[in-house]
Amino acid sequence: MDVRTPTESDWHQFDQLAAAEGWRVPASERALFRSGWRDAVGVLRDGDRFGGLVTAVGYETSGWVGNLIVPPELRGKGYGRRLFRWALEELEAAGARSIWLTASELGRPIYEKSGFRAVGCIERWRFAPASKPLQVGQAINAEQASLPTLDQEAWSERRQSLLELLSAQSIPLACNDSAALLQKGRDIQILGPWYSADLCPRSNRTLLQQALAMADP
């Protein structure tokens, strides 16, 4: 089985599988992996057959594994493990000293057998915009807090390449020592990354109100 870069046909099959699993993969994220992060994607082929896809994005000293998916009829046959091993090898070769991922219940056994351990749980919240405009508190000055600086403090490394790619279709928000990005995709909008140096409730409430008011209904 050979791992290679994806074709448009591979992406089409990934999109179908992801939709069937209920994944919400933003169009903006898929666009990144089709362009600037093209080399960070591996597709498994068994002859002419699509065997799965995975992404492996490296930063300065860490890396992220994501989007690991295998067609249902091929699961349990080693395809997922082969893709996962490729992702780890790519990141380790690039100098990653720590590797992160978000595990589904289906994929968790593969990761645990490879030595990964859970460090937290992610909650996903969804908001349906109201029909009338929201009342916004104090005006926000996007120069008050620096998102790249806060991001570097949180992750102990510079992730400038990620932030620059995200910023192309995002609105920077800041209030005092809190800052975030409102990613305005055409199919889904995402509020994040979001950091707060002083954890001030008032600043973060104001930032959230501003984000909701600026979101596309």
Side-chain angles (χ1 to χ4, degrees), residues 1 3-46 49-59 62-88 90-91 99-114 116 118-129 159 162-163 165-166 168-170 180-194 211 215-216:
M1 293 184 290
V3 178
R4 59 171 178 77
T5 55
T7 64
E8 280 304 311
S9 175
D10 294 324
W11 277 117
H12 178 68
Q13 294 186 70
F14 168 80
D15 290 340
Q16 289 184 320
L17 288 173
E21 293 293 328
W23 292 7
R24 295 297 303 274
V25 183
S28 56
E29 180 179 327
R30 298 197 300 270
L32 289 179
F33 285 116
R34 283 175 163 88
S35 55
W37 284 349
R38 181 178 174 83
D39 293 338
V41 187
V43 167
L44 190 61
R45 302 292 301 189
D46 188 356
R49 190 176 192 180
F50 175 82
L53 181 145
V54 70
T55 58
V57 178
Y59 303 114
S62 70
W64 277 88
V65 178
N67 298 304
L68 176 55
I69 198 166
V70 171
E73 67 274 13
L74 298 180
R75 293 170 186 170
K77 299 182 179 181
Y79 287 71
R81 285 189 295 273
R82 175 70 182 91
L83 283 165
F84 187 51
R85 187 168 64 250
W86 175 86
L88 296 183
E90 289 290 304
L91 293 173
I99 298 176
W100 300 78
L101 54 82
T102 302
S104 66
E105 287 303 314
L106 186 63
R108 184 167 180 164
I110 295 177
Y111 309 137
E112 290 180 336
K113 289 179 181 178
S114 298
F116 282 73
V119 295
C121 179
I122 292 178
E123 292 185 3
R124 300 191 186 278
W125 294 56
R126 178 179 177 272
F127 175 76
R159 304 195 306 167
L162 169 65
L163 297 179
L165 290 170
L166 292 180
Q169 296 182 342
S170 303
L181 277 183
L182 173 60
Q183 301 180 45
K184 300 195 69 173
R186 66 177 182 269
D187 56 342
I188 183 175
Q189 299 172 95
I190 299 173
L191 182 54
W194 183 348
D216 184 352

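Residue indices begin at 1 and follow the sequence shown.
Ion pairing between a basic and an acidic side chain is recognised when a charged N comes within 4.0 Å of a carboxylate O; Lys184 and Asp216 show no such pairing.
For Thr7, the side chain to side chain donor-acceptor pair (under 3.5 Å) test picks out Asp10, with sequence neighbours left out. Residues meeting the side-chain contact (heavy atoms from CB on, under 4.5 Å) test with Ser62, sequence neighbours left out: Tyr59, Ser98, Trp100, Glu157. Pro109 meets the side-chain contact (heavy atoms from CB on, under 4.5 Å) test with no other residue; sequence neighbours excluded. In this structure Arg85 satisfies the side-chain contact (heavy atoms from CB on, under 4.5 Å) test together with Arg82, Glu89, sequence neighbours excluded. Trp23 meets the ring pair (Phe, Tyr, Trp, His ring centres under 6.0 Å) test with no other residue; sequence neighbours excluded. Among residues two or more places apart in sequence or in another chain, the salt bridge (Lys or Arg N to Asp or Glu O under 4.0 Å) test is passed with Glu8 by Arg34. In this structure, the ring pair (Phe, Tyr, Trp, His ring centres under 6.0 Å) partners of Phe84, at least two apart in sequence or on a different chain, are Tyr111, Phe116. The side chain to side chain donor-acceptor pair (under 3.5 Å) test applied to Arg108 returns Glu112, not counting sequence neighbours. Looking at residues two or more places apart in sequence or on another chain, you find no side chain to side chain donor-acceptor pair (under 3.5 Å) involving Arg24. Under the side-chain contact (heavy atoms from CB on, under 4.5 Å) criterion, Arg186 pairs with Ala27, not counting sequence neighbours. Remark: Ser170 engages no residue in a side chain to side chain donor-acceptor pair (under 3.5 Å) (not counting sequence neighbours). Residues meeting the ring pair (Phe, Tyr, Trp, His ring centres under 6.0 Å) test with Trp37, sequence neighbours left out: Phe33.
Ile190 and Pro26 make their closest contact through CD1-CG, 3.5 Å (heavy atoms, listed as atom of the first residue, atom of the second, distance). Shown here for Leu182 and Ala211, the closest heavy-atom pair between the two residues is CD2-O, 3.7 Å. Between Pro71 and Gly52, the closest heavy-atom pair is CD-N, 4.0 Å. Of all heavy-atom pairs between Leu74 and Gly51, the closest is CD1-CA, 3.9 Å. Taking every heavy atom of both residues into account, Val54 and Leu83 meet most closely at CG1-O, 3.6 Å. When every heavy atom of Val25 is checked against every heavy atom of Ala18, the shortest pair comes out as CG2-CB, 4.4 Å.
Side-chain contact between Leu163 and Pro193: present, with at least one pair of heavy atoms (C-beta onward) separated by less than 4.5 Å. For the pair Tyr79/Asp46, a side-chain contact is recorded, criterion being any heavy-atom separation below 4.5 Å from C-beta on. The side-chain heavy atoms of Val65 and Leu91, taken from C-beta on, include a pair separated by under 4.5 Å. Under the 4.5 Å side-chain criterion, counting only non-hydrogen atoms from C-beta, Glu29 is in contact with Asn67. Counting only heavy atoms from C-beta outward, the side chains of Gln16 and Trp11 never approach each other to under 4.5 Å. For the pair Val43/Phe14, no side-chain contact is recorded, criterion being any heavy-atom separation below 4.5 Å from C-beta on.
The backbone N or O of Val41 sits nowhere less than 3.5 Å from a side-chain atom of Thr55 that would complete a donor-acceptor pair. Without hydrogens or angle criteria, Arg38 side chain to Pro6 main chain gives a donor-acceptor distance under 3.5 Å. Checking side-chain atoms of Gln183 against main-chain N and O of Gly192 turns up a donor-acceptor pair under 3.5 Å.
Taking CZ of Arg75 as the reference point, atom CD1 of Ile110 lies at 10.0 Å (rounded to 0.5 Å). Annotation: the span from Leu165 atom CG to Ser28 atom OG amounts to 10.5 Å, rounded to 0.5 Å. With rounding to the nearest 0.5 Å, the separation of CZ in Arg81 from OG in Ser114 is 9.5 Å. Taken to the nearest 0.5 Å, the CD1 atom of Ile99 stands 5.0 Å off from the CG atom of Leu88.
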Notebook entry, point to check: Checking side chain to side chain contact (heavy atoms under 4.5 Å, CB included) for the pair Leu44/Phe50: CA distance, chi angles, key distance, verdict?
Noted result: CA-CA 6 Å; Leu44 190 61; Phe50 175 82; over 6 Å; no
Next item on the list: Kindly indicate, with the supporting measurements, whether the criterion side chain to side chain donor-acceptor pair (under 3.5 Å) is fulfilled by Trp125 and Glu123.
Entry: CA-CA 6 Å; Trp125 294 56; Glu123 292 185 3; 3.1 Å; yes
